[in-house]
Amino acid sequence: MAELTALESLIEMGFPKGRAEKALALTGNQGIEAAMDWMLELVAQKQREREEREEREALERERQRRKQGQELSAARQRLQEDEMRRAAEERRREKAEELAARQRVREKIERDKAERAKKYGGSVGSQPSPPTEPGPVPSSPSQEPPTKREYDQCRIQVRLPDGTSLTQTFRAREQLAAVRLYVELHRGEPGGDQDPVQLLSGFPRRAFSEADMERPLQDLGLVPSAVLIVAKKCPS
């Protein structure tokens with residue numbers, strides 16, 4: 001039986017014919033061993049190139065992942081800053097609306113005072129002041145008088161004729177007219193013009209007069225909290 005040529009031997013070993021021919025040509029037909037060394041080196045080189053490529057791709061994926069993470073973190077931070085800015089703007093808007101509402105209340109009180117002064121032919125302040133109450137009996141020298149606490153605010157609960165109630169905090173030096181105006185603006189009765197209201201104290205029952213409307217809440221004994229009752233005012 002004739003011996004196999006180097007090309008046939010390489011093909012029989014499982015190498016592709018084209019690669020075996022190229023290996024023999026590049027090694028100068030120096031035999032099977034030289035061609036095999038060349039092909040094995042080629043395979044190893046391609047393996048190294050593939051590993052290097054995979055490493056570069058892995059590094060690129062990691063870089064892209066970090067970049068996306070940084071972009072996501074920056075976007076989240078921008079979102080939080082936008083939310084904080086919107087919250088601050090909302091607080092400023094609410095504060096401005098509250099100041100404007102208080103200004104409207106003060107202007108309404110002044111208009112009511114002017115209308116009442118015009119109606120009664122003089123200044124509301126010229127109405128007779130309530131009688132002064134006798135002062136407290138001085139305590140004995142061995143007893144120190146209790147310290148009276150000063151309150152800046154007053155919490156008023158107003159019970160409406162329909163059984164519902166309104167609760168609002170006023171300054172202790174605000175006039176009772178501010179409470180009446182608040183009730184007239186918020187009692188929510190359907191229809192057009194609403195009847196004027198009469199404010200009554202809870203206990204003991206007392207109807208507040210027009211003169212009382214000009215007095216501070218603290219002078220009327222409504223500080224630090226009080227319950228008032230609303231009754232429809234009978235036209236005079």
Answer whether the closest heavy-atom distance between the side chains of Met213 and Gln175 falls below 4.5 Å.
no
Looking at OG1 of Thr167 and OH of Tyr182, how far apart are the two atoms once the value is rounded to the nearest 0.5 Å?
7.5 Å
Under a single-linkage definition using a 4.5 Å side-chain heavy-atom cutoff for Ile, Leu, Val, Met, Phe, Trp and Tyr, are Leu200 and Leu166 assigned to the same hydrophobic cluster?
no
When you check the side-chain N and O atoms of Arg65 and Gln68, is any donor under 3.5 Å from an acceptor?
no
Side-chain (Gln198) to main-chain (Phe208) donor-acceptor, under 3.5 angstrom
yes
Heavy-atom pair of closest approach, residues Ala172 and Val223:
CB-CG2, 3.9 Å
Under a 4.0 Å threshold between the charged nitrogen and the carboxylate oxygen, would Glu174 count as salt-bridged to Arg106?
no
Taking Ile156 as the fixed residue, which of Leu176, Val183, Leu222, Val227 is the one that meets the side-chain contact (heavy atoms from CB on, under 4.5 Å) rule?
Leu222
Does Glu107 have more than 12 heavy atoms from other residues, nucleotides or ligands lying within 6.0 Å of its CD?
yes
Ionic contact status for Arg78 with Asp82, cut-off 4.0 Å:
no
Scanning both residues in full, the closest heavy-atom pair of Gln157 with Ser165 reads NE2-OG, 4.1 Å
Which atoms form the tightest heavy-atom contact between Lys17 and Leu7, and what is the distance?
O-CD1, 4.2 Å
Should Glu184 and Leu181 be marked as a side-chain contact (heavy atoms from CB on, under 4.5 Å) after you check the CA-CA gap, both sets of side-chain angles, and the distance that decides it?
CA-CA 5 Å; Glu184 291 175 349; Leu181 178 60; 4.2 Å; yes
hydrophobic_cluster_shared for Met39 and Leu26, side chain cutoff 4.5 Å
yes
Do Gln64 and Glu60 have a side chain donor and acceptor closer than 3.5 Å?
yes
Kindly determine whether His186 and Val158 satisfy side-chain contact (heavy atoms from CB on, under 4.5 Å), including the steps that lead there.
CA-CA 11 Å; His186 294 84; Val158 182; over 6 Å; no
Please check this pair: side chain of Asp212 against backbone of Ser209, looking for a donor-acceptor N/O pair closer than 3.5 Å.
yes
For Ala211 and Arg215, the nearest pair of non-hydrogen atoms, with its separation, is O-CG, 3.6 Å
Treat each ILVMFWY residue as a node, draw an edge where side-chain heavy atoms are under 4.5 Å apart, and state whether Leu24 and Leu40 are in one component.
no
When you measure from the side chain of Thr27 to the backbone of Ala23, do you find a donor-acceptor pair of N or O atoms at a distance under 3.5 Å?
yes
CZ of Arg61 to CD of Glu54: how many Å apart, nearest 0.5 Å?
8.5 Å
Is there a path from Leu42 to Met36 through hydrophobic residues (I, L, V, M, F, W, Y) whose side chains come within less than 4.5 Å of each other?
yes
Can Ile229 be reached from Leu217 by stepping across I, L, V, M, F, W or Y side chains whose heavy atoms are under 4.5 Å apart?
no
Show your working on side-chain contact (heavy atoms from CB on, under 4.5 Å) between Lys113 and Ile109 and close with a plain yes or no.
CA-CA 6 Å; Lys113 288 171 62 178; Ile109 291 174; 4.1 Å; yes
Taking the side chain as C-beta and beyond, is there a heavy-atom pair between Lys108 and Leu185 under 4.5 Å?
no
Between Glu97 and Arg93 (salt bridge meaning N to carboxylate O under 4.0 Å), is one present in this structure?
yes
Identify whether the distance between the nearest side-chain nitrogen and carboxylate oxygen of Arg111 and Glu115 falls below 4.0 Å.
no
Please lay out, stage by stage, how Leu10 and Arg19 fare under the test side-chain contact (heavy atoms from CB on, under 4.5 Å).
CA-CA 9 Å; Leu10 292 173; Arg19 184 175 300 176; over 6 Å; no
